[in-house]
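In what follows, a single structure is set out as structure tokens and then discussed.
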Amino acid sequence: MSLLLNLDHTLGCGQVFRWRKEGDLWKGVVDGHAAKLRQKADGAQVISGMDQTSFDRYFRTDDELEKVYRELSFDPVLGDYFTRYRGLRLIRQDPWECVASYALATNANIPRIQGMIERVCRTFGTEMDDGSYAFPSPEQLLDRCHRADGCGLGYRTDRFIELARLVHREKVDFSALMDMEYMDCARELVALPGIGNKVADCVALFCLDHLEAFPVDIRIKKAMAQLYGAEGSYRKVSAFARERFGHWAGYAQEYIFYAFGR
DNA sequence: CGTGGACCTGCTGGA
DNA sequence: TCAACCAGGTCCACT
């Protein structure tokens with residue numbers, strides 16, 4: 001079984017925060033297991049920590065990347081990116097880890113975001129065999145939430161804890177959010193603490209299967225203005241993208257984001 | 001609804 | 001070394 005998948009692009013483009021490359025090995029934590037992967041010509045080899053089901057789910061192997069390329073290549077810019085970053089796939093993250101991580105990722109640069117998340121994992125998460133730490137559950141977090149003060153989250157602390165509380169009390173139904181229309185999903189997410197338009201779109205896209213979501217952060221904002229002359233409010237720019245790229249808008253976003261970060 | 005400020009804090013690009 | 005018109009926004013106030 002071969003799969004079009006480039007680990008460097010997929011795990012290094014910025015959609016996930018905790019994967020690290022050591023030598024030719026990508027190391028991360030998926031579903032509470034320390035995972036190790038290695039790039040092969042026809043896909044990725046699982047060294048440890050993932051079974052086929054987990055792998056297929058995580059790397060969205062059902063998404064036909066060639067089909068995405070075909071349907072979006074009417075756009076010359078994307079056509080170029082597809083050639084250069086061939087094999088970059090969207091990942092299906094764990095919903096709780098995804099909302100929590102992106103709620104922390106506001107108004108901070110990537111190194112700091114990674115630092116905050118790492119400290120949260122080390123402070124509250126379960127230690128794995130290889131010495132790494134899993135992302136903590138809402139319960140683990142709430143159990144000793146005063147320790148969050150030592151994680152350097154700044155003003156995000158209260159929002160973060162409150163978010164954990166809501167998820168723990170099952171006030172957030174990820175399964176329902178996944179089933180409803182993208183617009184409804186985004187509207188509900190924005191009502192949660194620490195979540196605005198941008199984070200809501202990241203969550204919709206990266207863990208709730210709403211592939212038409214088009215998160216607009218500062219980098220994408222500049223890119224869209226430069227590439228398409230699309231400017232204005234958040235709603236304006238993201239709507240422009242969804243109209244142009246349709247149900248694959250999320251894939252378009254990820255390639256543009258990656259291209260503009262290099 | 002859209003826009004302007006304030007906002008924790010520290011990684012790291014530029015004085 | 002050091003500051004910070006910075007950094008993958010959000011929230012609140014107000015037109």
Side-chain angles (χ1 to χ4, degrees), chain A residues 9-20 81 85 88 90-91 93 97-123 135 141 145-167 172 183-208 210 213-227 230-242 249-262:
Chain A
H9 298 331
T10 300
L11 300 174
C13 71
Q15 59 181 324
V16 282
F17 297 106
R18 300 200 63 216
W19 285 88
R20 296 289 177 278
Y81 294 165
Y85 311 126
L88 164 51
L90 241 27
I91 277 176
Q93 305 180 219
E97 177 170 347
C98 186
V99 227
S101 298
Y102 276 93
L104 290 179
T106 65
N107 196 25
N109 52 32
I110 291 170
R112 188 177 171 204
I113 295 167
Q114 291 174 332
M116 287 191 283
I117 294 174
E118 194 54 35
R119 287 191 290 277
V120 164
C121 290
R122 302 183 89 87
T123 305
F135 195 88
L141 209 54
C145 61
H146 62 278
R147 291 195 186 178
D149 294 334
C151 293
L153 310 182
Y155 60 81
R156 302 167 193 77
T157 306
D158 293 345
R159 302 171 185 177
F160 185 61
I161 297 297
E162 186 52 28
L163 188 56
R165 212 181 300 283
L166 290 173
V167 171
V172 186
M183 284 296 188
D184 298 321
C185 171
R187 191 174 53 246
E188 292 210 9
L189 286 172
V190 164
L192 299 174
I195 299 183
N197 292 142
K198 189 268 180 180
V199 173
D201 276 333
C202 285
V203 173
L205 177 61
F206 297 137
C207 69
L208 299 177
H210 292 293
F214 192 88
V216 180
D217 56 26
I218 186 76
R219 192 194 295 180
I220 287 291
K221 189 179 170 68
K222 287 175 188 164
M224 293 304 284
Q226 187 182 317
L227 295 174
E231 299 180 271
S233 67
Y234 187 97
R235 231 184 50 140
K236 218 167 176 177
V237 177
S238 60
F240 170 89
R242 277 193 300 283
Y251 268 101
Q253 194 270 6
E254 214 46 34
Y255 279 82
I256 295 170
F257 182 84
Y258 189 45
F260 271 70
R262 326 194 86 209

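All values below come from the heavy atoms of this structure, side chains included, with hydrogens, waters and symmetry mates left out. Every chain is numbered from 1, with letters handed out A, B, ... down the list of sequences.
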- For the base of dC7(B), is there a side-chain donor-acceptor partner from Arg156(A) under 3.5 Å away?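 No such pair is found, so the answer is no.
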- Measure distances between side-chain N and O atoms of Tyr155(A) and base N and O atoms of dG9(C), and say whether any donor-acceptor pair falls under 3.5 Å.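 Checked by distance alone, the answer is yes.
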May I have the distance from [X] (atom [atom1]) to [N] (atom [atom2]), rounded to whole angstrom?
| X | N | atom1 | atom2 | answer |
| --- | --- | --- | --- | --- |
| Phe160(A) | dC7(B) | CZ | C1' | 19 Å |
| Glu118(A) | dG10(B) | CD | C1' | 16 Å |
| Arg159(A) | dG9(C) | CZ | P | 13 Å |
| Leu104(A) | dT9(B) | CG | C1' | 13 Å |
| Asn107(A) | dC8(B) | CG | P | 11 Å |
| Asn109(A) | dC6(C) | CG | P | 12 Å |
| Phe17(A) | dG8(C) | CZ | P | 10 Å |
| Phe214(A) | dG8(C) | CZ | C1' | 13 Å |

What's the gap between [N] and [M] when it is taken at their [atom1] atoms, as a whole Å value?
| N | M | atom1 | answer |
| --- | --- | --- | --- |
| dA15(B) | dC6(C) | P | 13 Å |
| dT12(B) | dT10(C) | C1' | 24 Å |
| dT1(C) | dC5(C) | P | 22 Å |
| dG5(B) | dC1(B) | P | 23 Å |
| dG8(C) | dC12(C) | P | 24 Å |

Side chain of [X]: nearest nucleotide among [options]?
| X | options | result |
| --- | --- | --- |
| Val199(A) | dT3(B), dG9(C), dG8(C) | dG9(C) |
| Pro111(A) | dT12(B), dA7(C), dT10(C) | dT12(B) |
| Arg112(A) | dT10(C), dG2(B), dC8(B) | dC8(B) |

- More than 12 foreign heavy atoms under 6.0 Å from CZ of Arg235(A): is that the case here?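 No.
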- Residue whose nearest DNA chain C nucleotide is more 5′ - Gly194(A) or Gly14(A):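 Its nearest nucleotide being more 5', the pick is Gly14(A).
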Counting any heavy atom closer than 4.0 Å, what does [X] reach on the DNA or RNA strands: base, sugar-phosphate only, or nothing?
| X | result |
| --- | --- |
| Ile195(A) | sugar-phosphate |
| Pro193(A) | sugar-phosphate |
| Tyr234(A) | nothing |
| Arg219(A) | nothing |
| Ile110(A) | base |
| Gly196(A) | sugar-phosphate |

Can you name the nearest heavy-atom pair linking [X] to [Y], along with the distance?
| X | Y | value |
| --- | --- | --- |
| Gln253(A) | Pro215(A) | NE2-O, 3.0 Å |
| Ala230(A) | Val237(A) | O-CG2, 4.1 Å |
| Glu97(A) | Ser101(A) | O-OG, 2.6 Å |

- Under a 4.0 Å N-O cut-off, is there an ion pair linking Lys236(A) with Glu231(A)?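 So Lys236(A) does not pair with Glu231(A) through a salt bridge.
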- Under-4.0 Å salt bridge between Asp184(A) and Arg187(A):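 Here Asp184(A) pairs with Arg187(A) in a salt bridge, since their nearest N and O are under 4.0 Å apart.
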- Item | Runs of at least three consecutive pairs that involve DNA chain C, where pairs are Watson-Crick or G-U with distances under 3.5 Å |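 Counting only runs of 3 or more consecutive pairs, the stems involving DNA chain C are B:2-7 with C:9-14.
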- Which residues within residues 183-192 of chain A lie with some heavy atom under 4.0 Å of an atom in DNA chain C?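 Contacting residues: Leu192(A).
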- Query: Between Glu162(A) and Arg159(A), does a salt bridge (charged side-chain N to carboxylate O under 4.0 Å, His left out) hold up when you go through it step by step?
  - Reply: CA-CA 5 Å; Glu162(A) 186 52 28; Arg159(A) 302 171 185 177; over 6 Å; no
- Task: Output yes when a side-chain donor or acceptor of Gln15(A) lies under 3.5 Å from a complementary backbone atom of Ile91(A), and no otherwise.
- Result: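 Side chain of Gln15(A) to backbone of Ile91(A), a donor-acceptor pair under 3.5 Å: yes, one is there.
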- Message: Any side-chain to backbone donor/acceptor pair from Arg156(A) onto Leu153(A)? Under 3.5 Å, distance only.
- Response: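 Here the side-chain-to-backbone pair exists.
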- Query: In terms of the nearest nucleotide of DNA chain B, which residue is placed more toward the 5' end: Thr106(A) or Lys236(A)?
  - Reply: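 Whichever sits nearer the 5' end wins; that is Lys236(A).
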- Assess the pair Phe214(A) and Phe257(A): is the distance between their ring centroids shorter than 6.0 Å?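 Aromatic pair excluded; centres sit 6.0 Å or further apart.
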- According to the interplanar angle, ranging from 0 to 90°, do the rings of Tyr258(A) and Tyr85(A) count as parallel (below 30°), tilted (30 to 60°) or perpendicular (above 60°)?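 Aromatic pair Tyr258(A)/Tyr85(A) classed perpendicular.
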